[in-house]
Number of protein chains: 2
Amino acid sequence: MVEQDRARGTGPGARERRPDRKPTMADIAQHVGVSRALVSIVFRGKEGASEETRRRIFEAAAELGYRPDSLARGLRSNRTRTLGVLFDLRRPFEVELVEHMYPAAEQLGYHLLLGAVTPTRGQEHVVDELLRYRCEGLIVVGPDLDGHRLDAIADEVRLVEVGRAVTRGPVDVVRNDDALGTRQAVEHLVALGHRRITHIDGGPNPGASDRRAGYQRAMTDHGLAGEIRVVPAGYTDEDGAAAGRRLLDGPLPTAVIAANDQAAIGLLDVMLRAGVRVPQDLSVVGYDDSRFAKLPGIDLTSVRQDIPGMADFAIKAVVERLDLPEREPKQIALPPQLVVRGTTAAPHGA
Amino acid sequence: MVEQDRARGTGPGARERRPDRKPTMADIAQHVGVSRALVSIVFRGKEGASEETRRRIFEAAAELGYRPDSLARGLRSNRTRTLGVLFDLRRPFEVELVEHMYPAAEQLGYHLLLGAVTPTRGQEHVVDELLRYRCEGLIVVGPDLDGHRLDAIADEVRLVEVGRAVTRGPVDVVRNDDALGTRQAVEHLVALGHRRITHIDGGPNPGASDRRAGYQRAMTDHGLAGEIRVVPAGYTDEDGAAAGRRLLDGPLPTAVIAANDQAAIGLLDVMLRAGVRVPQDLSVVGYDDSRFAKLPGIDLTSVRQDIPGMADFAIKAVVERLDLPEREPKQIALPPQLVVRGTTAAPHGA
DNA sequence: TTGTATGCGTTATCAG
DNA sequence: CTGATAACGCATACAA
């Protein structure tokens, strides 16, 4: 019932101009006058073909517009050299992480297959899609799945988790040392002379509990256990703004450390509207060093995660486990770095 | 004779626990006790299998952890139902566009294959990669390639350009009506009572010339041709800040329309530092309605592009050209929408 | 250095 | 509904 036989010059007429069929290895073999196998050898860069033959084959390929077929190649060789990356397109942090994975993968001879989680596509769906393409490793950024589900996946494919560990299985984990980040913030403020430093908490969000713990331990280590204050909030502007309003009800601290930049910005806005000067009356530190932090007019002191380092580790970990089947999974927490900008200064009394 | 020889439990030992090989259709056919062809029919959702059989097959697939192989499927059927999307990971606008393409593609039964352009991967490279995976259509967001190169690509695959047209070939183009956006901004300001409205130009960047032209025509249409002022700038904070400093040298206009949000923010910062109150002394309009515009403390009136509409059009266009081979390529410019926030108000004298 | 034969997992067609 | 058979484009041992 496929009645549309669109005869594109089927007859004996000339058909050199536009090949209506994608050229294959057979076409270029015939064009050059060698066997298909030899063409395969040349395209894989294996030895077994003379320099002259290589040249002629590449020439013919360029002329005919030939391009190796990834599907056929992966199917036949049972080796796709592809790594799936699961991440959330709406999170700039994750997008930036992915961007840095490319050079690392390329250098090791692997391709990246992007699996974007969006409001319409859950993690399950994306993992399934990636696995259908036979990716050999999977890098899951900010996993939301429960541990059991990821355990099952780790059974089929090498797995790396970025951001947090949700699995007990043979899985590499790379994350930011969140606690160290807030510790650096505390130490920066203490060095400036602050003592009354309040933490705007991130609630149940990823990394938030470590950031809080880091704050608390650092305060304690500096003899400021008595000054510890934690205001419950979250990771949004609105959370930060609400925390700011609560802060305004009582005597202000001289500095706050927010669980992330968004919350810091919401708080900043409330403070400025209330006539609180930053950094003269109040120092503010964010977390993530997002693009917002760098904006003129915000210029927020913030904690930067080592994104290139995390991307690099994730790629190398999965490739190593692919190459060395018995390598033990590793877990690592990379140190962040405090970026000092205009929202922190010595407190009034100092 | 090729049918039965892949005996799973060949040896006498039990090895049911962990299949060390990825299950295939043959495995699940054998498990259920039907033919492989029938399993194929069921997984393709074609008619020819009883309800009962379907159920048993899906059950067995779930039990064995079977997943259809996209590589083999695409290779054999010569139909991947995959659309390649070329975009720049570092541009939030493009990322958001891609996010909105998913539901549209899914609904039409197509998959998206993401081809991210990064500092280490040029457009050429990405196009090549996408084509190797046999995607049937290609959506190029913000094309940088020269026309000739894209013409050649349009020859191999259905092509849609988003953002601007660089090709003369059979290509669909969807873009924002940039001129209409600045016209809306002008009309908003005129309605508020402004007459001295200056444009902060976007230089050679995409869309900038249309935005400038829209401003000029709208001013003229409102009898304000004599008030037209264009300050050369660009798309960055710094460009906007420099333009702001130039503005401060002379008598200020009552309103400015920046070529994009970034420039508006840079200008905003310079103005606020110089003691110019916004919107009391100066109204400011941005373009793009980026995440920055929505930030508390910025709250920028801005022109929002119809991102879902553009994504939708792009997907539908490429799918239509796939299904209806003779459909003529379309070009369309979608109307943007002005989002009024806190940086615009009536001028002093009004 | 080059050619031959086989199969990867699937779709697709055909006759039973 | 079954079972056999032929591709799809390529990789890869093995023969020449």
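By convention in this document, chain letters (A, B, ...) are assigned in the order of the sequence lines, proteins followed by strands, and residues within each chain are numbered from 1. Only a predicted model underlies this, so the values are computations on that prediction, with no experimental measurement involved.
Closest non-hydrogen pair, A:Val126 versus A:Ala116, comes out as CG2-O, 3.4 Å. Contact between A:Ala105 and A:Leu112 at its shortest, heavy atoms only, is CB-CD1, 3.4 Å. Nearest heavy atom pair, residue A:Leu83 against residue A:Leu322, reads CD2-CD2, 4.0 Å. Of all non-hydrogen atoms in B:Pro68 and B:Arg73, the two that sit nearest each other are CB-NH2, 3.1 Å.
One atom, CZ of A:Arg67, and another, P of D:dC8, lie 20 Å apart when rounded to the nearest Å. Atom CZ in A:Arg132 sits about 13 Å away from atom C1' in C:dT10, given to the nearest Å. Taking atom CZ of A:Arg81 as the reference point, atom P of D:dC10 lies 19 Å away to the nearest angstrom. When the C1' atom of C:dT11 is taken as reference, atom CZ of B:Phe43 falls 14 Å away, rounded to whole Å. Summarising the geometry, the separation between NZ on A:Lys22 and C1' on D:dC10 is reported as 11 Å, rounded to the nearest angstrom. In this structure, the CE atom of A:Met25 is 5 Å from the P atom of D:dC10, given to the nearest Å. Per the geometry, CG belonging to B:Leu71 stands 12 Å off P belonging to C:dT11, to the nearest Å. Between the CD1 atom of A:Ile28 and the P atom of D:dG9 there is a distance of 15 Å, given to the nearest Å.
At the heavy-atom level, A:Arg134 lies under 4.0 Å from the strands shown only through sugar-phosphate atoms. No engagement by B:Arg79 is indicated, since no non-hydrogen atom pair under 4.0 Å with the nucleic acid exists. Here A:Asn78 lies out of heavy-atom contact (under 4.0 Å) with every strand. At the heavy-atom level, A:Ser77 lies under 4.0 Å from the strands shown only through sugar-phosphate atoms.
A:Arg44 has a side-chain polar atom (N or O) that falls below the 4.0 Å cut-off from OP1 or OP2 of D:dT12. Applying the 4.0 Å criterion to OP1 and OP2 of D:dC10, one finds that A:Arg73 has every side-chain N and O outside that range.
Within the model, atoms CG of B:Asp88 and CZ of B:Phe93 stand 12.0 Å from one another, a figure rounded to the nearest 0.5 Å.
The stretch residues 98-107 of chain B participates, sequence neighbours left out, in these side chain to side chain donor-acceptor pair (under 3.5 Å) pairs: A:His125-B:Glu106. Screening residues 314-324 of chain A for salt bridge (charged side-chain N to carboxylate O under 4.0 Å, His left out), with sequence neighbours left out, gives A:Asp172-A:Arg321, A:Asp312-A:Lys316, A:Glu320-A:Arg327, A:Glu320-A:Lys330.
Evaluation of the salt bridge (Lys or Arg N to Asp or Glu O under 4.0 Å) rule for B:Arg132 yields B:Asp128 as partners, not counting sequence neighbours. For B:Glu94, the side-chain hydrogen bond (donor to acceptor under 3.5 Å, both in side chains) partners two or more places apart in sequence, or in a different chain, are B:Arg91.
Donor-acceptor pairing under 3.5 Å, judged by distance alone, is present between the side chain of B:Arg76 and the base of C:dT11.
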Which atoms of nucleotides 1-4 of chain C (N or O only) lie under 3.5 Å from a protein N or O atom, and what are those distances?
residue, atom, partner, partner atom, Å
C:dT2, OP1, A:Thr53, OG1, 3.4
C:dT2, OP2, A:Thr53, OG1, 3.2
C:dG3, OP2, A:Ser35, N, 2.4
C:dG3, OP2, A:Ser35, OG, 2.9

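Between the side chain of B:Thr53 and the backbone N or O of B:Ala49 there is no donor-acceptor pair closer than 3.5 Å.
For B:Tyr66, counting side-chain heavy atoms from C-beta on, the closest listed nucleotide (C:dT10, C:dC8, D:dC8) is C:dT10.
Secondary structure note: stems in DNA chain C built from 3 or more consecutive Watson-Crick or G-U wobble pairs under 3.5 Å occupy C:3-16 with D:1-14.
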